[in-house]
> 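Would you mind keeping the following structure in view while I ask a few things?
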Amino acid sequence: MQDRPTSVELLEAAADFVDRELVPATEGARQFQARVVANVMRIVAREIKMEDPLVRSEVKALARLLGHDAPHLHSLDDLRAAAAGMGEELTAKIRAGEADDGGWRGEVLAVVRQSVEDKLRIANPRYLESDLAIRNAAKPQKEI
Amino acid sequence: MEKMEPGEMVRRLTGFIRSEGRFDSVTIENLRKMPGGASREIWSFECAMERGGETSRRAMVLRRDPGAHNISTNRRHEFMVIRAAFEERIPVPEVFWVSEDPAVLGSAFFIMERIDGETLARRLLRDDTYARAREVMPAQLAEILAKIHRIDPVKHKLDFLEEPGDNAALTEVRRYQENFRVLALEPHPAFELAFRWLLKRVPKMARKTLVHGDYRIGNVVFGPEGVRSILDWELAHLGDPMEDVGWMCVRAWRFGNDQKPVGGLGSREDFFHAYEKASGAAVDPEAARFWEVFGNLRWGIITIGQARTHIDGFLKSVELASIGRRTAETELELLNLIE
């Protein structure tokens, strides 16, 4: 058991310092790198906070899509390995043409979209938000 | 890359330019390495050249391969393509000399005119200074692209350019599929779905032309008045001109300005129309869409490759590392395009 601050609090403190102190004190390529550093630290902070529930639901969704029983896994490492393994199984089916058309294609697209959106929730939530805004604006009627 | 003292570099460069240009004397000032260019070193300098009592001065840029392990003929090829474009009055830097002799500067390089101006797309899309440029650039870029596609490879002796065969689109898709298989460290079902989509929709090549290969606003030098110069010709090849049209529409070059799909500057329809007017060739929207999907996929694979450059230790860089987490942006765009 570690003392406070938590890992997330430490990372956010460091990222705030880079944003507030280093970015204004640098310019050109170095300033760009400083922004990248702060961004990377915020990605890691979000991942620490959100990875566990996201990878759990991804494993569940992949198992359902591929017709497997939902595995009972606890450690993050096991969950990641299960997601990767079933991801390979899914890509093999896509390569074999099984998701080219038909009813299963819709299910595949939904699960894949969910996984991609979950990656963006950690890597770039603003990108995801603006994408959702554009899509909602583009097709207001048919979607519920 | 072996380190070379700046003084030594100036000395060698001076000797090279004097002998290449048959000058009586050459003076190089203010040699400095420019930021960016992970795959290529860029140096800037001022050059005074004297012959028969007459002195001329030019601002110059030197593009050098990063290491001796990477000796290739690409520098000469890029040099010759830019020269062809210059002769066809396409806005590009004037190129002066090329060398593939590692004895000169350690690796292949070429020297060209320095074009002053801005290259940061974010400034173009946001700053008031570039309001006029934003208006005129979509049509300018379409007209320039039409000119690029009119360059005659035979007339300009560009016979080194790779022949794509009868089916440039299929050749490109297969090539990137192989790259992807080698580079990807984890499953990417969105990319697999995109490859399937592309393979079912391979368009017939209406024309075979010179293709710039990296035609996007990040490779344009611009000023408040509009386009000044087109850079980065190292990926030029023969193929389907619609490849450049589709690449221009890739989402990553919009920097959030998604309501304007062409580089964050304008609509596809206006861009296609301006290109058709300038080239006299029709843009098939289906083919353009194929190449836009391909372009997004290609960019996604490039992001994986850039992350691998860091992960494999070839070039450790927080920027390259962070690009690995941008792959998902492209995956989302591909799902939007193919669903």
Side-chain angles (χ1 to χ4, degrees), chain A residues 27-41 43-44 47 62 65 80 83-101 105-106 108-124 126-128 130-135 137-138, chain B residues 32-38 42 119-120 122 177 180-181 184-201 251-252 254-261 300 303 306-307 310 317-339:
Chain A
E27 53 182 44
R30 186 145 295 176
Q31 184 181 57
F32 176 73
Q33 299 274 336
R35 286 188 209 278
V36 172
V37 167
N39 186 42
V40 162
M41 292 195 274
I43 292 173
V44 177
E47 186 162 312
L62 282 168
L65 180 69
R80 288 188 194 122
M86 286 190 285
E88 294 291 355
E89 197 182 327
L90 174 59
T91 55
K93 285 179 185 290
I94 295 170
R95 279 204 291 270
E98 291 182 36
D100 283 358
D101 33 46
R105 178 174 174 83
V108 170
L109 284 169
V111 171
V112 172
R113 177 177 285 279
Q114 186 65 50
S115 305
V116 169
E117 289 186 357
D118 288 350
K119 287 199 267 188
L120 287 169
R121 273 177 239 285
I122 287 171
N124 193 348
R126 276 169 62 190
Y127 186 94
L128 178 59
S130 89
D131 193 83
L132 288 170
I134 295 163
R135 270 184 283 147
Chain B
R32 59 209 183 272
K33 196 173 167 184
M34 305 300 281
I42 301 166
T119 55
L120 286 178
R122 283 176 194 280
Q177 208 167 19
F180 171 62
R181 298 269 177 267
L185 294 170
E186 54 282 299
H188 289 273
F191 288 174
E192 304 286 355
L193 288 162
F195 273 121
R196 296 294 302 180
W197 189 95
L198 288 166
L199 287 169
K200 285 180 145 194
R201 289 166 180 80
R251 183 161 178 185
R254 298 176 200 156
F255 297 92
N257 242 7
D258 286 299
Q259 69 284 10
K260 295 183 175 174
T303 62
Q306 295 198 322
H310 170 86
S317 140
V318 67
E319 184 188 347
L320 290 173
S322 72
I323 290 174
R325 293 297 185 101
R326 292 197 58 192
T327 308
E329 297 171 13
T330 304
E331 291 179 322
L332 186 64
E333 176 65 359
L334 284 168
L335 292 172
N336 290 341
L337 288 169
I338 67 170
E339 257 180 17

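So that the names make sense, note that chain A is the first sequence line, chain B the second, and so on, each numbered from 1. Values below: every heavy atom of this structure, side chains too, minus hydrogens, waters and symmetry copies.
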> Are B:Glu319 and A:Phe32 close enough that some pair of their side-chain heavy atoms sits under 4.5 Å apart?
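Result yes, sub-4.5 Å side-chain heavy-atom pair found.
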> Take B:Glu192 and A:Leu90, measure what side chain to side chain contact (heavy atoms under 4.5 Å, CB included) needs, and give me the verdict at the end.
CA-CA 10 Å; B:Glu192 304 286 355; A:Leu90 174 59; over 6 Å; no
> Can you tell me which portion of A:Ile94 sits under 4.5 Å from chain B's heavy atoms? Options are side chain, backbone, both or neither.
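Both parts, backbone and side chain.
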> Taking the side chain as C-beta and beyond, is there a heavy-atom pair between B:Lys200 and A:Asp101 under 4.5 Å?
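Side-chain contact under 4.5 Å: yes.
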> Once rounded to the nearest 0.5 Å, what's the spacing between atom CG of A:Leu120 and atom CZ of B:Arg326?
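Rounded to the nearest 0.5 Å, the CG-CZ separation comes to 10.5 Å.
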> Just so I know, are the side chains of B:Leu332 and A:Lys119 near enough to count as touching, which here means a heavy-atom distance under 4.5 Å?
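No, their side chains stay 4.5 Å or more apart.
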> Given a strict heavy-atom distance threshold of 4.5 Å, which part of A:Val108 is in contact with chain B: side chain, backbone, both, or neither?
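Interface part for A:Val108: side chain.
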> Counting heavy atoms not belonging to A:Gln114, are there more than 12 under 6.0 Å from its CD?
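Yes, enclosed.
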> Checking heavy atoms, do the side chain of A:Glu47, its backbone, both or neither come under 4.5 Å from chain B?
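Side chain only.
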> Against chain A, work out which of B:Val318, B:Leu199, B:Leu335 has the most heavy-atom pairs shorter than 4.5 Å and name it.
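Top count of heavy-atom pairs under 4.5 Å with chain A: B:Leu335.
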> B:Ala190 and A:Val116: which non-hydrogen atoms are nearest, and at how many Å?
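Closest approach of B:Ala190 to A:Val116: CB-CG2, 4.3 Å.
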> Against chain A, work out which of B:Glu186, B:Glu331, B:Arg196 has the most heavy-atom pairs shorter than 4.5 Å and name it.
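The residue among B:Glu186, B:Glu331, B:Arg196 with the greatest pair count is B:Arg196.
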> Let's test your reading of the structure: which of A:Arg30, A:Arg113, A:Lys93 forms the most heavy-atom pairs below 4.5 Å with chain B?
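Greatest number of close heavy-atom pairs with chain B: A:Arg113.
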> Check each atom of A:Leu109 against the heavy atoms of chain B and say whether the ones under 4.5 Å are side chain, backbone, both or neither.
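Its backbone and side chain both get close to chain B.
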> Can you say whether B:Arg251 sits under 4.5 Å from chain A via the side chain, the backbone, both, or neither, judging by heavy atoms?
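The answer is the side chain of B:Arg251.
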> Search all heavy atoms of B:Pro187 against all heavy atoms of A:Thr91 and return the closest pair with its distance.
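For B:Pro187 and A:Thr91, the tightest heavy-atom pair comes out as CB-CG2, 3.9 Å.
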> Please look at A:Asp118 and chain B and tell me whether the side chain, the backbone, both or neither of the residue comes under 4.5 angstrom of a heavy atom of that chain.
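When you check distances to chain B, no heavy atom of A:Asp118 falls under 4.5 Å.
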> Is the CZ atom of B:Arg32 crowded by more than 12 outside heavy atoms at less than 6.0 Å?
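Check passes, neighbour count above 12.
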> Working to the nearest 0.5 angstrom, can you tell me the gap between B:Glu329 CD and A:Asp131 CG?
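Those atoms lie 10.0 Å apart.
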> Check whether A:Val40 gets within reach of chain B through its side chain, its backbone, both or neither, counting any heavy atom under 4.5 Å.
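For A:Val40, the contact with chain B is made by the side chain alone.
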> Please state whether the side chain, the backbone, both or neither of A:Arg35 comes within less than 4.5 Å of a heavy atom of chain B.
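It is neither, since no heavy atom gets under 4.5 Å.
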> Taking A:Gly97, A:Ala123, A:Ser115 one by one, which has the highest count of heavy-atom pairs under 4.5 Å against chain B?
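The residue among A:Gly97, A:Ala123, A:Ser115 with the greatest pair count is A:Gly97.
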